[in-house]
Amino acid sequence: MKRSARVRSLRGSATLAVTARAKALRAEGRDVIGFGAGEPDFDTPDFVKQAAVDSLHAGHTKYAPTPGTTDLREAIAKRMREHNRIDCKAEHVVVTVGAKHAAYEVMQCLVDPGDEVVIITPAWLSYRPMIELAGGIVVECAAPIKQGFKTNPDALRAAMTDRTVAVIVNSPCNPTGVCYSRDELTALAMVIAEHPTATLISDEIYEDLVYAEISTDAVAFSPGSIPELAERTVTLNGLSKSMAMTGWRIGWAVAPGDGGEVAKAMTRLQSQMTSGIATFLMPAAAKAVEHQSETSGAMRSVFVARARLVSELLGEIDRFKTVPPSGAFYAFPDISSCFGLVSPAGRRIDSAATFAEAILEEKEVAVVPGEDFGEIARDHIRLSFACNEDQIRAGLGRISDWVGSLS
Ligand code: PMP
Ligand code: GLU
């Protein structure tokens with residue numbers, strides 16, 4: 001059967017693939033420690049589950065408006081105004097099947113073939129395929145480990161051209177766990193403001209998971225609140241990470257600029273694609289959004305302790321170089337000093353992919369290889385510490401032993 005060129009060259013998500021592989025090995029009875037999934041190990045709060053059950057019983061089982069019910073869009077717009085200081089109305093909000101779907105739709109709505117989109121790498125591995133599926137050209141603005149995984153205004157300016165239609169900023173960052181300070185984000189935003197046709201896409205899915213206890217840069221700040229950029233920022237967010245609701249698939253984009261034209265375009269696109277999210281989830285999502293800050297606060301404190309533990313244990317592995325994470329639940333060590341070495345089972349380690357494969361087979365630890373996070377991410381692996389402290393200690397113990405046994 002014929003397949004389009006578009007899908008022939010498309011790689012599936014490596015993060016989802018590693019997660020699925022770890023689950024499959026566990027189902028076979030193997031004792032796999034999973035640092036793969038970018039998925040909190042907490043359960044969804046009971047009040048949100050109850051709201052969904054009540055909503056089903058109340059008969060919310062028919063089609064709902066494509067961009068979400070008015071109640072849900074109002075709840076999101078209220079949070080965006082009060083918490084994120086983004087001047088928006090409900091009509092600027094489009095509710096999507098996870099923030100992933102929001103990001104995909106935004107690319108489809110902003111990018112024409114040949115347009116350039118700048119990503120700051122290491123970057124979440126779904127941005128590149130989303131841009132390319134829209135016909136866009138990915139421009140990587142490198143933020144290497146020696147710069148603490150951060151770019152700066154000069155580097156961003158150099159990456160932008162008159163063909164740049166968008167820049168994606170993601171703080172706290174997947175996969176590095178690094179946060180930009182308010183001043184740093186403002187300075188980057190002002191570079192984008194110099195290009196009158198460029199849109200800032202701010203992916204704030206980890207906004208509630210910032211650890212000011214670890215770094216003073218770790219703040220939740222929305223560049224869409226900066227007056228010069230307010231009209232040209234699309235903010236992405238969702239309930240997956242902050243509210244431990246990955247399986248519910250609820251995200252959104254807020255696009256107040258241009259008289260709400262981007263939100264309208266996303267709605268038209270979505271009306272031909274998925275329609276709205278499941279109707280009975282919408283009242284539960286509204287409840288979750290209303291209580292997002294206080295509910296995610298409890299999970300945040302657990303993640304701070306885990307972030308500290310991961311940094312401490314990674315710091316003890318001499319062959320790794322690391323930047324301590326101060327947000328999200330990721331660490332992204334440079335493992336290149338293991339390249340050229342051979343494992344106890346005779347596997348030669350010459351890339352992040354071979355490292356990840358070998359350690360899963362030999363030590364039953366799942367990590368995500370860096371390659372798909374960008375050109376400069378090839379020397380790294382991603383560890384997601386969305387698992388408990390015992391698992392973190394055991395998993396990093398296995399990694400440390402195994403790395404020490406490479407020769
Ligand atoms: N953005 C980033 C940076 C992510 O890490 C993820 C992955 N979970 C998403 C967006 C999408 O999340 P979801 O679709 O679960 O809302
Ligand atoms: N975004 C999460 C991660 O990076 C979940 C998997 C995915 O959607 O790619 O692990």
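Whatever order the structure lists ligands and atoms in, that order sets their numbers, starting from 1. In this chain, residues are counted from 1 in sequence order.
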* Asked: Does the side chain of Asp334 come under 3.5 Å of the side chain of Ser336 through a donor N or O and an acceptor N or O?
  -> yes

* To do: Indicate whether the side chain of Glu204 and that of Ser222 have a donor and an acceptor atom separated by less than 3.5 Å.
  => yes

* Asked: Counting only heavy atoms, which portion of Tyr127 has something under 4.0 Å from ligand 1: side chain, backbone, both, or neither?
  -> side chain

* Asked: Taking only heavy atoms of Lys241, which atoms of ligand 2 are found under 4.0 Å from at least one of them?
  -> 1 (N), 2 (C), 5 (C)

* Find all atoms of ligand 2 within a distance of less than 4.0 Å from any non-hydrogen atom belonging to Thr15, and give their numbers and elements. => 3 (C), 4 (O), 6 (C), 7 (C), 9 (O), 10 (O)

Show me which atoms of ligand 1 lie under 4.0 Å from any heavy atom of [X].
| X | value |
| --- | --- |
| Asn170 | 3 (C) |
| Arg249 | 13 (P), 14 (O), 15 (O) |
| Tyr206 | 3 (C), 4 (C), 5 (O) |
| Asn174 | 3 (C), 4 (C), 5 (O) |
| Gly98 | 14 (O), 16 (O) |
| Lys241 | 7 (C), 8 (N) |

Salt bridge between [X] and [Y], side-chain N to carboxylate O under 4.0 Å?
| X | Y | value |
| --- | --- | --- |
| Glu290 | Lys287 | no |
| Arg378 | Glu140 | no |
| Asp41 | Arg306 | yes |

Protein contact to [atom] [nearest heavy atom, distance to 0.1 Å]:
| atom | value |
| --- | --- |
| atom 10 (O) of ligand 2 | Arg382 NH2, 2.8 Å |
| atom 8 (O) of ligand 2 | Lys100 NZ, 2.9 Å |
| atom 1 (N) of ligand 2 | Trp124 NE1, 3.3 Å |

* Asked: Heavy-atom contact under 4.0 Å between Thr246 and ligand 1?
  -> no

* Contact between Gly251 and ligand 1, counting heavy atoms under 4.0 Å? -> no

* Return yes when atom CG of Asp87 has more than 12 non-hydrogen atoms of other residues, nucleotides or ligands closer than 6.0 Å, and no otherwise. =>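 No, the 6.0 Å shell around CG holds no more than 12 heavy atoms from other groups.
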
* Is the distance between the ring centroids of Phe355 and Phe339 under 6.0 Å? ->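 They do not qualify: ring centres at least 6.0 Å apart.
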
* Asked: Counting both backbone and side chain atoms, is some N or O of Leu16 under 3.5 Å from an N or O of ligand 2?
  ->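 There is no such contact.
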
* Among Phe149, Phe320, Phe373, the one residue meeting ring pair (Phe, Tyr, Trp, His ring centres under 6.0 Å) with His380 ->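 It is Phe149; the other options fail the test.
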
* Scan Glu361, Glu362, Lys363, Arg348 and name whichever one has a side-chain hydrogen bond (donor to acceptor under 3.5 Å, both in side chains) with Ser343. =>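 Filter result, single survivor: Glu362.
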
* To do: Could you tell me whether Ser240 and ligand 1 have an N or O pair separated by under 3.5 Å?
  =>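 Yes.
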
* Are the side chain of Lys100 and the backbone of Arg249 linked by a donor-acceptor contact shorter than 3.5 Å? -> no

